[in-house]
Structure formats: C-alpha cells, structure tokens
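What you see below is based on every heavy atom in this structure, not just the backbone, and it leaves out hydrogens, waters and symmetry mates. A note on names: the letters A, B, ... follow the listed sequences, proteins ahead of strands, and every chain is numbered from 1.
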Amino acid sequence: MSKITTPQAIRGTQDMLGEDALRFGHVVETFEHVRRLYGFGRVEVPVFEATAVFSRSLGETTDVVSKEMYTFEDRGGDSLTLRPEFTAGISRAYLTNGWQQHAPLKVATHGPLFRYERPQKGRFRQFHQLDAEVIGSAEPAADVELLVFADQLLHELGVAEGVTLTLNTLGDQATREAWREALIRHFEAHRDALSEESVDRLSRNPLRILDSKDPRDIPIAAAAPTIDDHLSSEAGAFFEAVTRGLQAAGVAWTRNPRLVRGLDYYRHTAFEFVTDRLGAQGTVLGGGRYDGLIEALGGPATPAVGWAAGIERLAMLIDAPAPAGIQAAIVPMGAAAEAVATGLLASLRRAGIAADMAYRGNMKRRMQKADASGARFAVIIGDDEIARGEAAVKNLVEGSQTMVPLDKVGEAVSR
RNA sequence: GCGAUCGUAGCUCAAUUGGUUAGAGCGCCGGUUUGUGGUACCGGAGGUUGCGGGUUCAAUCCCCGUCGAUCGCCCCA
C-alpha cells in the first residue's frame with residue numbers, strides 16, 4: 001500500500017486565514033467604499049480570455065507575452081490566457097459589448113491576476129489587484145479624478161504616510177517618439193560605460209535604462225535628455241492641467257522625469273505611488289493614460305486612463321484590523337436545551353445580531369470557546385432556565401450575570 | 001532563467017567541536033471544577049529532523065543531489 005502524498009500548493013499562490021485574510025478583506029472593503037464615493041460602477045470581467053486579448057495589447061514579441069503569461073490550449077484547441085492584468089480585458093469588454101454608449105465609462109473591479117514570475121516579497125503568481133478605469137474621456141479631469149481617488153483610498157487605508165505620488169508625462173505620440181530617439185542617441189554615446197543589461201536594453205527597451213538600479217547606469221541616466229525638452233505644447237498643456245487639478249484637490253506629488261512605461265500605447269500621464277517599506281517591490285499603486293490601447297485591440301481611437309493597486313502589498317502596509325468578534329455565544333446544557341438554543345440562535349441572527357454556538361462540548365468547553373470567539377455575552381440555557389422560560393445572560397467583559405426572559409435575550413445582548 | 005540564505009512537533013524555535021531516549025513555549029485533548037470563560041496548577045497525545053544518496057563506529061549537525069520557502073537579480077503589462 002503506497003502512501004498517499006498530499007498535493008502541495010502551487011508555487012506563488014497563497015492561502016490566507018486569520019489576520020492575513022482580515023487585512024486582505026479590509027483593503028477590498030475600503031476600496032469598494034471609496035469607489036462608490038467617486039461614482040465608479042462595479043465591472044466584472046472573465047478571469048481568462050483569448051490569448052490575443054493580451055498579446056495584442058502587450059505586443060507579440062515581448063518577454064512578457066512569451067514567458068510570463070499563463071497560456072494554455074483548451075479542449076477545442078483555442079489558446080487561452082489567465083488574465084495578467086485588468087485593463088486589456090475591460091477594454092475588450094468595452095468593445096464587444098458596445099459600452100461606447102456609456103462613455104465616459106467609470107468602472108472599478110478587483111480580483112485575482114496571474115503572472116508566471118518568481119515569487120518574492122509582495123510578488124506572487126496568483127496575486128490580487130484593485131483596478132479603476134475611465135474609458136472614453138480625453139479630458140485631463142479624468143486623470144485628476146483617478147489620482148484623487150487613489151490618494152483618498154491610500155489615506156483611508158492609513159498608508160498614505162510614507163507613500164509618495166510620483167508623476168510624469170510621456171507626452172503625445174510625437175513627443176514620445178522624439179524623446180525616445182534622443183534617449184537612444186544619448187545612451188548610444190555612452191554605450192561603453194553602461195552595464196551589460198542596459199546595453200541589452202538599448203536595443204530592446206531603451207526607456208527602461210532610465211530606472212536601472214545598476215550604479216554604472218545611474219549617472220548616465222541622470223544626464224539623459226528629459227521629456228520636457230521634447231514636449232509639444234499640447235502635451236505640455238495637458239500635463240499642466242493635470243498638475244493644476246491635483247493642486248486644487250490638495251493632492252501632493254513629486255515629479256519623476258525617469259518614470260516610464262515600456263509600451264507604445266501609453267500617452268501623457270504616468271504615475272506610481274511608491275513606498276520604501278516593501279523592499280524591491282516599492283510600487284503600491286500605478287497607472288496612467290493608455291489612449292492607444294483600444295485601437296491595438298481593433299477598436300476605434302478611444303482615450304482611456306486607469307490604475308491598479310496590489311492588494312497584497314497594501315495589506316502588508318496597513319495596521320492589522322480588529323477581528324470582527326460576535327455579540328452573543330449560546331451555551332446550551334443537555335439535549336432539551338440544545339433544541340431551545342438552536343431556535344434562539346436563529347432568531348437572534350434573523351434580528352441582525354451576530355451570534356454563534358459551538359457544535360458540541362460540555363459547558364466548560366463551550367464557555368472557553370465563547371471567550372475565545374470574542375463574544376460580549378454568553379447566553380446560558382439549561383434545564384432550570386427552560387423550566388422558567390429564561391436564559392442566564394453573562395457579560396463576559398464584566399463577569400456579571402442576569403436572568404432574562406427568552407424573548408428578551410435579543411435586547412439584553414444588544415447593549 | 002540566475003544568485004544568496006534557510007527547511008526540526010499543528011505554530012514559533014532549542015539541541016555543546018558530529019555522541020547515545022531530539023527539548024521548550026504556544027496550541028490541542030483531559031483533569032483540579034459533572035452549571036460558568038479569561039489567570040493558575042497537574043497530566044496526555046503529537047517527530048522517518050523536507051526527500052534521496054554519501055562520509056563516519058556514530059549525522060538534526062559534514063558532503064552531493066533534489067523538492068520547497070524566503071530575499072534579491074532579470075522582468076515589471
């Protein structure tokens with residue numbers, strides 16, 4: 001007889017219980033609350049899509065597509081991919097459902113995402129994000145609203161301290177191309193002094209040299225031409241409008257001219273809320289304007305802007321939420337009392353009172369569980385109480401105990 | 001894909017330069033107390049030291065491999 005080996009969890013997945021689950025839930029609940037304040041409707045999209053949804057939006061040749069997506073064939077031979085981000089799926093839904101009629105569409109969602117990466121601090125293969133998008137508006141006011149939303153979320157989570165909003169503009173298409181060419185010229189001139197990785201980046205993704213961590217690259221990146229030298233007047237005015245909006249709303253920010261996005265469809269605003277409290281994974285919320293994406297999916301030119309935030313990373317930064325606790329724990333003694341207690345438990349819960357009862361155990365055991373559950377009251381029912389139509393209600397905080405008619409227990413434990 | 005560190009009870013950790021029966025706290029179960037929790041005391045269950053191989057009279061400890069975890073690099077939509 002061979003021993004059955006327990007299958008292990010997949011690398012980079014997490015199981016959460018207790019405090020971890022509380023933290024996660026608190027982040028999500030706070031997001032749901034704030035998103036309503038800003039008039040963002042809830043949107044639900046599938047966890048998997050045709051691979052083309054993501055490969056078109058990311059560019060077919062990138063490492064990201066070839067190595068870092070969970071892609072597989074279904075039984076019909078179609079290539080499917082577990083979503084590595086929200087934006088592409090929401091954009092696809094926008095097109096295939098005719099949501100243009102709702103433009104500008106303000107939507108928010110949260111849920112699991114999947115990337116085939118080596119796990120490290122704050123980085124998992126199945127991870128979870130909050131997401132907010134405004135699709136169909138080219139106004140800088142949309143960028144401002146999303147940024148103020150993000151800022152309020154971080155404040156309500158209590159993590160704004162030590163988190164800074166770093167902001168940049170990538171300009172319009174002409175700006176971006178001119179800047180890119182100037183950067184390549186600059187780095188090409190210093191090719192010999194760059195790190196091996198950055199020489200490689202030079203041909204693959206030159207903008208990324210700007211945020212290299214290698215000490216050899218940092219002075220060269222610091223001396224690189226900035227986008228401001230190439231900013232068209234329209235793009236400059238757009239950025240100006242965004243920063244004025246932030247000023248008016250009282251949101252603090254700092255300019256990071258080296259904040260970039262690798263993909264061509266990003267235009268204008270790019271931003272990241274960063275902290276130094278999470279090791280190498282300092283970005284807690286990031287996003288920007290992606291005016292070119294929906295066209296890349298075969299749709300009409302559609303301006304859009306959005307952000308996403310890692311739930312796990314936010315959960316690591318917040319203070320531990322207090323466990324919920326319950327109002328009343330029912331402690332029956334004997335079979336007759338259990339029947340009465342089952343009825344009382346149901347009526348308390350139907351009245352909106354959080355109550356619980358152990359499945360089994362003697363009185364001592366049940367009292368211990370009542371205490372451990374954080375209940376404020378224990379409702380003790382034995383044969384004596386049943387005979388009198390009463391229950392003994394014990395205040396577990398103060399230790400005092402009174403007899404209460406069964407139909408008044410709800411009031412007694414609501415104080 | 002690469003590098004560093006680490007795998008001992010359900011959890012957090014001990015165990016002398018390699019040494020004979022691998023310990024403690026917490027948790028769990030029971031008792032002191034068959035109708036009263038939190039504090040206290042007593043007892044109990046629970047281990048192939050991740051797995052496989054090697055060196056040795058002897059391996060939790062040293063060596064090799066493998067699996068896993070953590071942190072970092074790469075990447076970051």
Inter-nucleotide [atom1] distance ([N], [M]), Å rounded:
N: B:rU55; M: B:rG1; atom1: P; answer: 32 Å
N: B:rC42; M: B:rA24; atom1: P; answer: 13 Å
N: B:rG25; M: B:rU21; atom1: P; answer: 23 Å
N: B:rC62; M: B:rG19; atom1: P; answer: 11 Å
N: B:rG38; M: B:rG7; atom1: C1'; answer: 36 Å
N: B:rU36; M: B:rA69; atom1: P; answer: 49 Å
N: B:rU20; M: B:rC2; atom1: P; answer: 40 Å
N: B:rC11; M: B:rU70; atom1: P; answer: 15 Å

Going by the angle between their ring planes, with limits at 30° and 60°, are A:Phe273 and A:Phe271 parallel, tilted or perpendicular?
-> perpendicular
Do the rings of A:Tyr70 and A:Phe114 sit parallel, tilted or perpendicular, given the 30° and 60° boundaries?
->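 If you compare the ring of A:Tyr70 with that of A:Phe114, the planes turn out perpendicular.
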Indicate yes or no: at least one non-hydrogen side-chain atom of A:Ser57 is less than 4.5 angstrom from one of A:Glu85.
->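 A side-chain contact exists here, since the closest heavy-atom pair is under 4.5 Å.
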Watson-Crick or G-U wobble partner of B:rG47, both distances under 3.5 Å = none
Look through every strand shown and name the nucleotide pairing with B:rU5 as Watson-Crick or G-U wobble, where both distances are under 3.5 Å.
-> B:rA69
Can a side chain N or O of [X] be found less than 4.0 Å away from OP1 or OP2 on [N]?
X: A:Arg204; N: B:rC75; answer: yes
X: A:Arg201; N: B:rC74; answer: yes
X: A:Arg11; N: B:rG68; answer: yes
X: A:Arg366; N: B:rG35; answer: no

Pair A:Arg313-A:His128, side-chain donor/acceptor within less than 3.5 Å = no
Select one nucleotide: of [options], the one nearest the side-chain heavy atoms of [X].
X: A:Glu385; options: B:rG35, B:rU70, B:rC74; answer: B:rG35
X: A:Gln368; options: B:rU70, B:rG37, B:rU36; answer: B:rG37
X: A:Asp384; options: B:rG35, B:rC71, B:rC29; answer: B:rG35
X: A:Lys364; options: B:rG35, B:rU33, B:rG72; answer: B:rU33
X: A:Gln120; options: B:rG30, B:rC71, B:rU36; answer: B:rC71
X: A:Ile380; options: B:rC75, B:rC76, B:rU36; answer: B:rU36
X: A:Arg115; options: B:rC76, B:rG1, B:rU36; answer: B:rC76
X: A:Gln8; options: B:rC67, B:rC74, B:rG35; answer: B:rC67
X: A:Lys213; options: B:rG35, B:rC76, B:rC71; answer: B:rC76

Would you mind reading off the distance between A:Asp15 atom CG and B:rC11 atom P, rounded to a whole angstrom?
-> 13 Å
By side-chain contact (heavy atoms from CB on, under 4.5 Å), which residues pair with A:Asp407, not counting sequence neighbours?
-> A:Pro405
Which residues pass the side-chain contact (heavy atoms from CB on, under 4.5 Å) test with A:Phe124, sequence neighbours left out?
->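 A:Phe124: side-chain contact (heavy atoms from CB on, under 4.5 Å) contacts with A:Gln14, A:Phe127, A:Glu312.
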